[in-house]
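Please read the structure below before turning to the comments.
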Amino acid sequence: MSESMERILAAVVEGKHSEIEQWVRDALSEGIEAHRIIDEALITAMDEVGRRFADHRIYVPEMLVSAMTMKKGLEILKPILKGQGTRSQGVILMGTVKGDLHDIGKNLVIMMLEGAGFQVVDLGVDMGVEQVIQKVEEIRPHILGLSALLTTTMPEMGKVIEALKDKGLRDGIKVMVGGAPVDRSFAEKIGADGYGKDASEAVQLARSLVGGE
Ligand code: B1M
């Protein structure tokens, strides 16, 4: 790994939020592609943060500073990812489910979807079933994307799908789910139309759900 990528990784792990923007710009000026900076440095760093948290080597405040640092890094890359978009592919409503405040993964998926030409409406985090249903009725998106990072909040995805059925909205919308604890079998179990392991898979899935590739 190049020195600038090492620095980005270390900045996120150590929460050096005042330095990250410069390190990301340095990596870009060396010709390193945005998606490599995300996959090999930023996401790798968050995995390490997660391991340190699980091992009680760091606590929530440190995890928050790392998250803030990662977000600052992503902000630099956002215009580049967005700039890759072409014609409109469809409308996607995206949110993190009730009880869950994790939004870095969701935001990254949104950036990649926008880069691929989708129009994305971001519902934010901690979205209750009623709020999701109300927004679906209001904007009638092609796809509803749900993200969850906690095993305790995953069941909320199934509740949203059940509520869509109850309201007679299920046939008019595709539902895709994702987030670290979610997998394909869980997606099938709750009746989602698809599961994306990461942001790239989410883009491929969204394209196939709207009848593309
Ligand atoms: Co939290 N946290 N956290 N946390 N946090 C995890 C998830 C955890 C695994 C850490 C650990 O123990 N190792 C653990 C969950 C354990 C479990 O449920 N089994 C955990 C915990 C326990 C908690 C708290 C309960 C801690 C506490 O308070 N005691 C608390 C819960 C708060 C709440 O939500 N109610 C909490 C809080 C926080 C912070 C606020 C400090 C912060 C979040 C800040 C923010 O998001 N704004 C935080 C962070 C940063 C993490 C870790 C370290 C990193 C998450 C992340 O951003 N990853 C995380 C450990 C880990 O995941 N390694 C952890 C990077 C991101 C790019 O990946 O989100 O997985 P990810 O998204 C990926 C894919 O999953 C996928 O694409 C993305 C890009 O590749 N994807 C989709 C995501 N959504 C998708 C949707 C799709 C398709 C793909 O279609 C719709």
Side-chain angles (χ1 to χ4, degrees), residues 9 12-15 17 34-75 77-78 81 90 92-116 118 120-128 132 141-157 160-161 173-184 186-187 190 192-209:
L9 203 154
V12 174
V13 172
E14 289 157 26
H17 53 91
H35 73 88
R36 278 195 56 210
I37 298 175
I38 291 171
D39 291 344
E40 294 170 30
L42 295 173
I43 293 183
T44 306
M46 285 315 266
D47 287 343
E48 175 59 18
V49 170
R51 275 192 293 276
R52 291 184 183 195
F53 178 76
D55 295 347
H56 309 289
R57 282 183 282 156
I58 61 165
Y59 297 93
V60 172
E62 288 95 334
M63 201 155 65
L64 257 179
V65 182
S66 289
M68 188 171 96
T69 309
M70 167 139 184
K71 280 187 171 185
K72 279 190 163 185
L74 280 176
E75 279 304 310
L77 301 171
K78 195 172 174 175
L81 297 178
I92 303 182
L93 187 60
M94 179 87 94
T96 302
V97 295
K98 188 168 175 58
D100 204 320
L101 303 176
H102 296 85
D103 67 355
I104 296 176
K106 166 186 71 68
N107 294 345
L108 187 51
V109 171
I110 290 176
M111 280 183 210
M112 299 283 280
L113 287 168
E114 288 177 339
F118 287 92
V120 185
V121 179
D122 185 2
L123 282 172
V125 297
D126 192 20
M127 291 304 300
V132 178
H142 299 95
I143 299 174
L144 172 65
L146 299 171
S147 179
L149 261 287
L150 298 172
T151 44
T152 48
T153 59
M154 286 164 67
E156 293 298 321
M157 294 174 157
V160 172
I161 293 175
I173 192 168
K174 301 288 184 189
V175 180
M176 65 180 202
V177 295
V182 179
D183 61 20
R184 206 167 300 283
F186 176 77
I190 61 170
D193 296 297
Y195 154 76
K197 178 172 65 67
D198 53 28
S200 320
E201 263 198 36
V203 170
Q204 282 170 24
L205 173 63
R207 282 189 178 131
S208 71
L209 290 178

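Both counts, for ligands and for their atoms, begin at 1 and track the order of listing. Along the sequence shown, the residues carry numbers beginning at 1.
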Quiz item: For ligand 1, is there an atom lying under 4.0 Å from some heavy atom of Gly179?
Solution: yes
Quiz item: Any idea which protein heavy atom is nearest atom 71 (P) of ligand 1, and the distance to it?
Solution: Gly105 CA, 3.9 Å
Practice problem: Before signing off on this row, confirm whether Gly99 and ligand 1 have an N or O atom pair separated by under 3.5 Å. | Solution: yes
Quiz prompt | Polar atom proximity, His102 to ligand 1 (N or O, under 3.5 Å) | solution = yes
Quiz item: Is Leu146 close to ligand 1, meaning an N/O of one under 3.5 Å from an N/O of the other?
Solution: no
Quiz prompt | Heteroatom distance test (Lys106, ligand 1): nitrogen or oxygen, under 3.5 angstrom | solution = no
Exercise. Can you sort out which atoms of ligand 1 are near Asp100, meaning under 4.0 Å from one of its heavy atoms?
Key: 34 (O)
Practice problem: Tell me which part of Leu108 gets within contact of ligand 1: side chain, backbone, both or neither, using heavy atoms under 4.0 Å. | Solution: side chain
Quiz item: Heavy-atom contacts under 4.0 Å between Lys71 and ligand 1: side chain, backbone, both, or neither?
Solution: side chain
Quiz prompt | Nitrogen or oxygen of Asp103 less than 3.5 angstrom from that of ligand 1 | solution = yes
Quiz item: Should you measure from each heavy atom of Ala54, which atoms of ligand 1 turn up under 4.0 Å away?
Solution: 13 (N)
Quiz item: What part of Ala67 sits under 4.0 Å from ligand 1 if we count only heavy atoms: the side chain, the backbone, both or neither?
Solution: side chain
Quiz item: What do you reckon, does Met94 put a non-hydrogen atom under 4.0 Å from ligand 1?
Solution: yes
Quiz item: Is the shortest distance from atom 36 (C) of ligand 1 to a protein heavy atom below 4.0 Å?
Solution: yes
Exercise. Look at atom 9 (C) of ligand 1 and say whether a protein heavy atom is found at less than 4.0 angstrom from it.
Key: no
Practice problem: Answer yes or no for atom 91 (C) of ligand 1: protein heavy atom present at a distance under 4.0 Å? | Solution: yes
Quiz item: Does any N/O atom on Gly145 come nearer than 3.5 Å to any N/O atom on ligand 1?
Solution: no
Quiz item: Nearest protein heavy atom to atom 25 (C) of ligand 1, by residue and atom, and its distance?
Solution: Leu150 CD2, 4.4 Å
Self-check item: Side chain, backbone, both or neither: Val177 near ligand 1, heavy atoms under 4.0 Å
Solution: backbone
Practice problem: Ignoring hydrogens, tell whether any protein atom lies closer than 4.0 Å to atom 16 (C) of ligand 1; use the non-hydrogen atoms only. | Solution: no
Exercise. Could you say whether the N/O atoms of Thr151 and ligand 1 ever approach to under 3.5 Å?
Key: yes
Practice problem: Give a yes/no on ligand 1: does Arg51 have at least one heavy atom closer than 4.0 angstrom to it? | Solution: no
Exercise. Give the contacting part of Leu205 toward ligand 1: side chain, backbone, both or neither, where contact means a heavy-atom distance below 4.0 Å.
Key: neither
